[in-house]
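Report on the following structure.
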Amino acid sequence: MEFASLTTVVTLINIVLALGFLFIERREAGYTWAWLMVLFFIPILGFVLYIFFGRNLKKKNFYKLFIEEQEYVQAEADKQLAAFAEGVDDRSQLMQNYAQLINMNIRSSHGLLSSDNEIVIYSDGHQKFAALFEDIRSARAEINIQYYIIQPDQLGTKLRDELILKAREGVKVRLLYDEVGSKRISRHFFKELRAAGGEVEVFFPSLLKPLNFRINNRNHRKLCIIDGSIAYIGGFNVGDEYLGQVPKFGYWRDTHLRITGNAVSHIQGRFILDWHQAGSHERGDYGEFVFNMEQHTGTSPVQIITSGPNSATEHLKNMYIKLILSAKESVYIQTPYFIPDTSFMDACKIALLSGVDLQIMIPSKPDHPFVYWATWAYAGDLLNYGAKILLYENGFLHAKTIVADGEVASVGTMNIDSRSFRLNFEVNAIVYDRAIAEQLQDIFLNDVRLCSELTAKRYAQRSLVIKLKEGISRLLSPIL
């Protein structure tokens with residue numbers, strides 16, 4: 001075949017593939033345009049990249065729930081919506097102020113509200129893992145652990161060895177990790193844990209390494225549930241870097257919650273869904289997927305909100321947007337990546353134009369340079385609207401938190417980028433408790449002392465090279 005004919009055929013194939021993507025996938029505009037550029041400017045290879053990085057995940061009954069399970073989950077949500085509507089006068093003023101947000105979370109992601117939780121906040125890795133290991137050693141019946149990253153280093157080995165000891169004692173141990181996030185882990189690493197009776201599963205494993213057709217849909221959740229009564233949720237993974245022991249990053253600043261109360265059952269239900277999706281296990285009574293409501297002494301209302309590529313809507317992003325637009329005075333955000341879509345940017349701009357004090361704290365050093373410059377580009381856009389952009393200088397900032405008006409706060413795994421919005425499986429706890437929100441706000445304000453500020457003047461003086469990096473990164477940011 002002559003070269004001209006071959007070029008024509010390749011071009012036609014690419015056009016067909018691009019049109020199919022445009023009309024069948026029906027993605028957000030920025031995401032669509034980014035992939036169209038890849039498909040048109042990198043013929044054939046662009047389509048191969050799309051197969052690995054861009055395909056939609058099948059949404060319908062992704063977790064293969066039985067009809068009874070689906071009906072049970074929906075019935076619980078409907079029951080709480082009805083009870084919530086009837087009990088308006090019995091709620092605190094704070095709960096009344098955020099009634100729309102609570103209802104939205106229940107309707108969109110079945111994020112039920114529990115009001116009897118106790119919460120401890122950890123912003124230091126040594127403190128978090130000391131508490132976690134103490135709780136693991138105290139376990140009597142069951143330990144369920146799920147992390148995006150587990151490193152085969154000192155901390156990862158310590159976690160494994162603690163789990164081996166509990167498995168030998170007869171405690172049921174289940175561990176789930178993400179293959180791409182935990183790429184340094186080999187199956188041999190957990191051989192002794194399996195031999196002791198522990199169970200280990202891998203989320204979306206490769207059929208043939210290094211080929212993974214779901215490389216772009218990763219389980220980014222970090223959860224630990226002990227005896228169904230204690231749960232950990234937040235941003236820390238398992239590795240020496242999270243203890244500040246890797247020179248490249250220095251001190252690792254993150255945020256994690258330890259929760260007791262009925263929210264633990266909600267977190268447990270999320271783990272069980274991911275666990276059964278990752279492996280072929282005998283299914284228990286469908287009631288295990290929801291809640292065993294018991295009386296606890298805590299006073300913090302909590303919703304556990306999840307989102308993923310199997311979701312019809314972007315639950316966590318929408319929760320953030322609603323929270324930002326509900327704020328009257330202040331919104332404080334900590335995130336390692338700030339690459340929002342148009343709807344999130346518009347929410348920030350509306351809040352700023354309304355007089356809300358919006359402060360966004362991001363790292364001063366990149367872990368992924370391409371993503372870092374896209375973060376600068378988007379953060380720089382908000383400077384003209386009055387946002388305060390803070391660059392954390394005391395190591396690496398990995399916390400994923402938002403605090404509104406010192407009243408409501410969210411802590412979890414979601415970054416502010418398209419990957420967390422629509423590609424990864426994420427989970428956050430949103431807390432409707434002024435005392436907890438004020439603690440998180442105080443942590444933020446203490447961190448401000450360790451930051452420099454990206455002012456409008458400083459941003460305007462950036463070099464041409466940085467502007468070029470920002471431009472390229474921003475152009476491709478929807479598919480980063």
Side-chain angles (χ1 to χ4, degrees), residues 119-139 143-166 173 175-178 180-186 189-190 193 200 218-226 230-259 334-337 361-368 372 391-401 411-415 427 429 439-440 443-444 446-447 449-451:
I119 297 173
V120 179
I121 302 168
Y122 296 105
S123 58
D124 175 84
H126 292 276
Q127 295 173 357
K128 182 259 178 173
F129 284 104
L132 176 62
F133 289 140
E134 183 177 346
D135 286 332
I136 287 174
R137 294 182 194 116
S138 299
I143 301 171
N144 294 319
I145 288 189
Q146 174 178 0
Y147 279 102
Y148 173 61
I149 296 174
I150 300 178
Q151 302 283 26
D153 54 18
Q154 286 187 326
L155 184 62
T157 300
K158 181 174 177 59
L159 173 65
R160 181 201 62 187
D161 292 348
E162 293 284 355
L163 295 177
I164 290 171
L165 291 175
K166 299 310 294 186
V173 175
L175 184 145
L176 174 63
Y177 66 91
D178 184 89
V180 174
S182 304
K183 57 183 177 291
R184 292 178 57 200
I185 287 285
S186 67
F189 184 76
F190 293 112
L193 175 58
V200 181
R218 308 318 309 173
N219 199 315
H220 197 235
R221 295 168 182 147
K222 297 99 175 165
L223 303 173
C224 182
I225 309 97
I226 299 168
I230 300 168
Y232 286 80
I233 181 173
F236 282 105
N237 287 294
V238 180
D240 290 347
E241 62 264 39
Y242 301 95
L243 299 178
Q245 295 176 357
V246 175
K248 174 185 176 182
F249 298 110
Y251 180 74
W252 191 278
R253 172 65 185 83
D254 220 320
T255 304
H256 225 85
L257 303 181
R258 179 187 187 271
I259 301 177
Q334 289 179 311
T335 178
Y337 318 116
M361 190 179 297
I362 58 178
S364 65
K365 62 173 66 174
D367 62 337
H368 303 293
Y372 182 74
L391 306 177
Y392 186 76
E393 303 283 359
N394 189 43
F396 186 73
L397 178 73
H398 193 250
K400 302 102 167 37
T401 68
V411 173
T413 68
M414 188 186 79
N415 298 313
V427 60
Q439 286 184 52
L440 288 165
I443 291 171
F444 180 97
N446 285 332
D447 287 337
R449 299 181 296 105
L450 304 171
C451 295

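We use all heavy atoms of the structure for the numbers below, so side chains are in, but hydrogens, waters and symmetry mates are not.
Within the 3.5 Å criterion, the main-chain N or O of Asp153 finds no donor-acceptor partner in the side chain of Asp240. The backbone N or O of Ile143 lies less than 3.5 Å from no partner atom in the side chain of Lys166, so there is not a single donor-acceptor pair. Looking only at distances, no side-chain donor or acceptor of Asn219 sits under 3.5 Å from a matching main-chain atom of Asp178. A distance-only check finds no donor-acceptor pair linking the side chain of Thr413 to the backbone of Arg221 [under 3.5 Å].
Proximity of Arg160 to Thr157: side-chain heavy atoms (C-beta onward) are separated by under 4.5 Å at one or more points. Side-chain atoms of Ile226 and Ile136, non-hydrogen and from C-beta on, do get closer than 4.5 Å to each other. No side-chain heavy atom of Val238 sits less than 4.5 Å from a side-chain heavy atom of Ile145. Side-chain contact between Thr255 and Lys400 is absent, with no heavy-atom pair separated by less than 4.5 Å. Side-chain contact between Arg253 and Ile443 is present, with heavy atoms from C-beta onward closer than 4.5 Å. Two residues are said to be in side-chain contact when any heavy atoms from C-beta on lie closer than 4.5 Å; Leu450 and Glu393 fail this criterion. Tyr392 places a side-chain heavy atom less than 4.5 Å from the side chain of Cys451.
Here the closest heavy-atom approach between residue Gly235 and residue His256 is recorded as N-ND1, 3.3 Å. Contact record, Glu241 with Trp252: O-CB, 3.2 Å, taken as the closest heavy-atom pair. In plain terms, the two heavy atoms of Tyr242 and Ile149 that are nearest each other are OH-CD1, 3.5 Å. Nearest heavy atom pair, residue Phe129 against residue Asn237, reads CZ-O, 3.0 Å. Summarising the geometry of Ile150 relative to Leu175, their closest heavy-atom pair is CD1-CD2, 4.0 Å, with the distance given to 0.1 Å. When all heavy atoms of Pro336 and His398 are compared, the pair lying nearest together is CD-O, 3.9 Å.
The CG atom of Leu257 sits 11.0 Å away from the NZ atom of Lys128 when rounded to the nearest 0.5 Å. For the atom pair CE of Met361 and CZ of Phe444, the computed distance is 4.0 Å after rounding to the nearest 0.5 Å. Note that CD of Gln151 is 7.5 Å distant from CD1 of Ile185, once rounded to the nearest 0.5 Å. Here the straight-line distance linking atom CZ of Arg258 with atom CD1 of Ile230 works out to 4.0 Å at 0.5 Å rounding. Interatomic distance, Leu193 CG to Asp161 CG, rounded to the nearest 0.5 Å: 9.5 Å. In this structure, CZ on Phe249 lies 12.5 Å from CG on Leu397, to the nearest 0.5 angstrom.
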- Message: Set out, in order, the CA-CA distance, both residues' side-chain angles and the distance that settles side-chain contact (heavy atoms from CB on, under 4.5 Å) for Asn415 and His220, then state yes or no.
- Response: CA-CA 10 Å; Asn415 298 313; His220 197 235; 3.6 Å; yes
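Ring centroids of Tyr122 and Phe236 are separated by 6.0 Å or more, keeping the two rings apart.
Lys158 has a carboxylate O that lies under 4.0 Å from a charged side-chain N of Glu162, or vice versa, which qualifies the two as a salt bridge.
For the ring pair (Phe, Tyr, Trp, His ring centres under 6.0 Å) criterion with Tyr177, the lone passing option out of Phe190, Phe189, Tyr147, Tyr148 is Phe190.
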